[in-house]
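One structure is given here, and the rest of the page talks about it.
Labels below follow one simple rule: chain letters A, B, ... track the order of the sequence lines, proteins then strands, and each chain is numbered from 1.
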There are 2 protein chains.
Amino acid sequence: MRVLLAEDQAMVRGALAALLALEPDIEVLGSAPDGEAAWRELERLKPDILISDIEMPGLTGLELAQRIQRHELPVKVVIVTTFARSGYLRRALDAGVSGYLLKDAPAEKLAESLRTVHRGGRAIDPELALEAWTESDPLNDRERQVLRLAGEGKSAGEIAQMFNLSHGTVRNYLSEAIGKLGVGNRIEAYRLARQKGWL
Amino acid sequence: MRVLLAEDQAMVRGALAALLALEPDIEVLGSAPDGEAAWRELERLKPDILISDIEMPGLTGLELAQRIQRHELPVKVVIVTTFARSGYLRRALDAGVSGYLLKDAPAEKLAESLRTVHRGGRAIDPELALEAWTESDPLNDRERQVLRLAGEGKSAGEIAQMFNLSHGTVRNYLSEAIGKLGVGNRIEAYRLARQKGWL
DNA sequence: TAACCCCGGTGACGTTTGTCAGAAGCGATG
DNA sequence: CATCGCTTCTGACAAACGTCACCGGGGTTA
């Protein structure tokens, strides 16, 4: 089983490579520190499986998975991430990934899941899979955009300028988002949406 | 060289252990998923060096280092963390740690740093060390407490109740913090302070 | 064509936020 | 004792925020 590793933190990248190198049936062809580099390495090394983090500079793991799906590359994707966010899993599944593991899972789980995927199966964190079914993102595009900026401390006026909207409209969107998420203000709305992986 | 590993993410913990196991002069005695567990293992295993993450459930790596310092345990501490926050490094140094590495650093750096520390030296991320000298936390205790809650979406009134203050006083503290940090509102203040490791 | 929804905008209202100047209480320092 | 510094409080003001009801211009859809 020939694998490629995409992970931005060099130390974690090296450590995972060391971990996989212990398995006799797994060969680590190489590794990449971001999505773009991984994309190039995919062409060159033709691995069976790509193991990818999500949050990486430039191209994220989710975007990389989407690109692989569009180009119909013959490589399975296994996401390995810190984030137990149902929105992330949902997007990953839409992008056709074969696995979604949390870094909280025991180390042995990784090699095990790779074997499952290599046999044609799927390896999805079970708890998260459940949550992803029940909870879906209630926000529309505008609300998402506006909430993202509001969460960075931008005022309604500033956001309005960026999108060529009136500041009243921006406040309406924020009010909508706050209502949909059942919270009390923009900060809580931002935090909740972020935690769910909806931003 | 006998080391103990404290890191909450099981997969990363296992991977780091695999990485260190490759080094002939390093022996991984065990590992712990949080600060309290690490503290117990320290007593039992008497390692030369403790490798610890910072953000762990319950007792953090920084608190663990402080406790080790207070009890004058004969173990060197090396922090390995995601966070390039000068405030974290500062607190770590105050707690007498021998090393502070970022997970962004190459994997080889870890073993290398452990050897340096074992010889009695220090291994501190150089860029961060510089920043820690120049930038120091301008916030006082009240400002920190208040800002932390404000950043979670609490209103001035709610915060006031929690600390038995008037809501005007809370707003004054927030205004102070915003001014000291040179930003425009509580959200930006929270984000900046958090990024610097001052919360 | 009429009915409907979606997007964006308006205006008004009360609340919260951020700023500022000032002042009372209090322990420490001289 | 006087003075300083620190914490907390007050009141006032403008700005930003959150909510609501409502309006107008497209696009579907019936």
Does the D:dT7 base have a donor-acceptor partner in the side chain of B:Asn140 within less than 3.5 Å?
no

A:Glu143 atom CD is separated from D:dG18 atom C1', nearest whole Å, by 14 Å

Kindly say if A:Arg186 contacts the phosphate of D:dC17, meaning a side-chain N or O under 4.0 Å from OP1 or OP2.
yes

D:dT19 C1' sits how many Å from A:Asn185 CG, rounded?
14 Å

Same apolar cluster (I L V M F W Y, side chains within < 4.5 Å links), A:Leu199/A:Ile54:
no

Which part of the nucleic acid, if any, lies within reach of B:Ser175 when heavy atoms closer than 4.0 Å are counted: base, sugar-phosphate only, or nothing?
base

Decide yes or no, distance alone: a donor-acceptor N/O pair under 3.5 angstrom between the base of D:dT10 and the side-chain of B:Asn172.
yes

Have A:Gln145 and A:Arg148 got a donor and an acceptor in their side chains that come within less than 3.5 Å?
no

Donor + acceptor pair across side chains of B:Thr116, B:Ser113 (<3.5 Å):
no

Distance in angstrom units between B:Lys154 NZ and C:dT17 P, rounded
12 Å

Looking only at D:dT19, D:dT10, C:dT17, the nucleotide nearest the B:Arg171 side chain is C:dT17

Look at B:Arg142 and D:dT7 and indicate whether a side-chain polar atom (N or O) is within less than 4.0 Å of OP1 or OP2.
no

Shortest side-chain distance from B:Leu165, nucleotide among D:dA16, D:dC9, D:dA21
D:dC9

Rounded to whole Å, CD1 of A:Ile159 lies from P of C:dG8 at a distance of 14 Å

Donor on one side chain, acceptor on other, A:Asn185 and A:Glu188, under 3.5 Å
no

Quick one: A:Glu176 CD to C:dC6 P, roughly how many Å, whole number?
11 Å

Taking only side-chain N and O atoms of B:Thr169, does any of them lie within less than 4.0 angstrom of OP1 or OP2 on D:dC9?
yes

Taking atom C1' of D:dC6 as reference, at what distance in whole Å does atom CG of B:Asp141 sit?
13 Å

